[in-house]
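Here the structure is laid out as structure tokens; the discussion comes afterwards.
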Number of protein chains: 2
Amino acid sequence: MKADERRELVLRAATQVFGERGYVGTTTDAVAKAAGVSQPYVVRIFGTKEALFLAVLERALERLLMAFRTALAGDADAVTAGEPGESHHRIGAAYAELLSDRGLLLSLMHGFILGSDPEIGARARAGFLQVYRFLREEAGMSPDEVHSFLAEGMLLNTLVGLRMAADYDRDPAARELLDTALPTKLDFLLSLEP
Amino acid sequence: MKADERRELVLRAATQVFGERGYVGTTTDAVAKAAGVSQPYVVRIFGTKEALFLAVLERALERLLMAFRTALAGDADAVTAGEPGESHHRIGAAYAELLSDRGLLLSLMHGFILGSDPEIGARARAGFLQVYRFLREEAGMSPDEVHSFLAEGMLLNTLVGLRMAADYDRDPAARELLDTALPTKLDFLLSLEP
DNA sequence: GTCTATACCCAGATAGAC
DNA sequence: GTCTATCTGGGTATAGAC
């Protein structure tokens, strides 16, 4: 297998593991096992564990923005065709779609709360602002709309991180909360639980 | 010094460090140094690092609910006195107040995204639902109101975790975002940055 | 391009003195 | 109650073979 393919393979595996256990909690060995390669080889490809995590963040942000752009483009088509959908509905749906890659959003989330780390924090802040600017400038949302959208997103991320769906039919409060927060996409989210 | 005082002292220090570096990223030695005691003594008091973190979560949730209850009580007084304030405004203000203890909210946040951990995840979910029930039952919010309140809270936590305020006067997007998300309390938040 | 073997360090926990 | 000294495990990174 070529270097680029292996790299992408490892990045995919790393995204899952980092999302599950966080930056520090993840061992390069766990990533290696998930990718089916040896631990030293993971290090060899990326240099250090930190560089690997930064690459994961990079890729996650690319994918996030890509998904939003696609949703936005589909929206333009819909508008042209005289259909009702508005930008932020489409983009919101795109975000819900991303929940399927739990590792992607959770890896980002783990990066977000490590703001005091010199390298990771800097990249995480820049990434968050990149998303902010996209929503403001390309998606044309107002500051208040972006604010609500991001708040909604952070709650969804947190609920996914909490594995709240595991309590869906064990606790009425969990059920009510999830029903309110995820009017659609709920059955899908529940299907992710073990 | 008595055991209880030391315990509280260490818990306070631990809350700060866990909030900064997360559960796995925190060493018991860093906590010990922050508390001014020896590393083995920290372990001695709580048994294990995990037990220490669980105690930090416990204490953080207690304080959070305490702050909400106090706000709610003040609200009842205000209502009696014929003043305008509504429950969720007061409670929202109480939450903003809590931002002063960055470690408290961030330790909770770190717990929230470790939902897959058997012990920590279980406690974090239970704690989150405890807050949910308080807002529904004691504060009398509707499901939608709780949902919005929690979304807002998760965004604030994330912005604090990101140290977004550090970019306030370096990046117009950061400024706009913080101005929107924190109409009040902003100067205070900024004063926390190094 | 990928592995095995291993060096080295660091962190959590224990033993035991004061 | 609190410390110093230390054992032990596990994790990143390197060396070097194939």
Side-chain angles (χ1 to χ4, degrees), chain A residues 1-58 103 107 110-111 114 116-121 123, chain B residues 1-58 103 107 110-111 114 116-121 123:
Chain A
M1 191 178 283
K2 291 210 174 72
D4 277 4
E5 297 174 67
R6 271 286 185 240
R7 194 187 149 89
E8 173 62 18
L9 188 76
V10 172
L11 276 178
R12 247 202 300 270
T15 302
Q16 289 311 115
V17 185
F18 277 125
E20 192 90 355
R21 308 194 208 168
Y23 169 56
V24 191
T26 294
T27 67
T28 53
D29 191 53
V31 172
K33 288 213 166 63
V37 298
S38 71
Q39 178 269 328
Y41 190 45
V42 170
V43 175
R44 175 70 81 103
I45 298 176
F46 296 93
T48 65
K49 173 175 148 176
E50 187 180 60
L52 169 60
F53 187 62
L54 289 171
V56 164
L57 289 185
E58 209 74 41
S107 288
H110 279 288
L114 289 180
S116 60
D117 180 282
E119 323 287 328
I120 295 172
R123 188 65 194 90
Chain B
M1 191 178 282
K2 294 209 174 71
D4 277 5
E5 297 175 66
R6 271 285 185 242
R7 193 187 150 89
E8 173 61 21
L9 189 76
V10 172
L11 276 178
R12 249 201 301 269
T15 301
Q16 289 312 115
V17 186
F18 278 125
E20 192 91 355
R21 308 193 208 168
Y23 169 56
V24 191
T26 294
T27 66
T28 53
D29 192 54
V31 172
K33 287 212 168 60
V37 298
S38 70
Q39 179 268 330
Y41 191 44
V42 170
V43 175
R44 176 69 83 105
I45 298 175
F46 296 92
T48 65
K49 174 175 146 175
E50 186 180 62
L52 169 60
F53 187 62
L54 289 171
V56 164
L57 289 185
E58 208 75 40
S107 288
H110 279 288
L114 290 180
S116 59
D117 180 283
E119 323 287 326
I120 296 172
R123 188 66 194 91

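This is a predicted model, so every value here is computed, not measured.
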Determine, step by step, whether Glu8(B) and Arg12(B) satisfy the salt bridge (charged side-chain N to carboxylate O under 4.0 Å, His left out) criterion, reporting the C-alpha distance in whole Å, the side-chain angles of both residues, the deciding distance to 0.1 Å, and the verdict.
CA-CA 6 Å; Glu8(B) 173 61 21; Arg12(B) 249 201 301 269; 3.5 Å; yes

Expressed in angstrom and rounded to an integer, what is the separation of Lys33(B) atom NZ from dC3(D) atom C1'?
14 Å

Taking dT14(D), dC3(D), dG1(C) as options, the one with an atom nearest any side-chain atom of Pro40(A) is dT14(D)

Evaluate the side chain to side chain contact (heavy atoms under 4.5 Å, CB included) criterion for residues Leu11(A) and Phe46(A): first the C-alpha distance (whole Å), next the side-chain angles of each, then the deciding distance (0.1 Å), finally the verdict.
CA-CA 10 Å; Leu11(A) 276 178; Phe46(A) 296 93; 3.8 Å; yes

dG1(D) P sits how many Å from Phe46(B) CZ, rounded?
13 Å

Just to confirm, is there a sub-4.0 Å distance from OP1 or OP2 of dG1(D) to any side-chain nitrogen or oxygen of Arg44(B)?
no

Answer yes or no: is there a side-chain heavy-atom contact under 4.5 Å between Val37(A) and Val31(A)?
no

Short N/O separations, protein against nucleotides 8-12 of chain D, under 3.5 angstrom:
| unit_1 | atom_1 | unit_2 | atom_2 | d |
| --- | --- | --- | --- | --- |
| dT12(D) | OP1 | Thr26(A) | O | 3.4 |
| dT12(D) | OP1 | Thr28(A) | N | 3.3 |
| dT12(D) | OP1 | Lys49(A) | NZ | 3.3 |
| dT12(D) | OP2 | Thr28(A) | N | 3.0 |
| dT12(D) | OP2 | Thr28(A) | OG1 | 2.8 |

Check for me whether Lys49(B) meets the cation-pi criterion with Phe18(B), that is, NZ or CZ under 6.0 Å from the six-membered ring centre and within 45 degrees of the ring axis.
no

Given atom CG of Asp4(B) and atom C1' of dG1(D), what is their separation to the nearest angstrom?
13 Å

Would His110(A) and Leu114(B) satisfy side chain to side chain contact (heavy atoms under 4.5 Å, CB included), going step by step from the backbone distance to the final call?
CA-CA 10 Å; His110(A) 279 288; Leu114(B) 290 180; 4.1 Å; yes

Residue pair Gly19(B) / Ser107(B): nearest heavy atoms and the distance that separates them:
N-OG, 3.3 Å

When rounded to whole Å, the OH to P distance for the pair Tyr41(B) and dA15(C) reads 18 Å

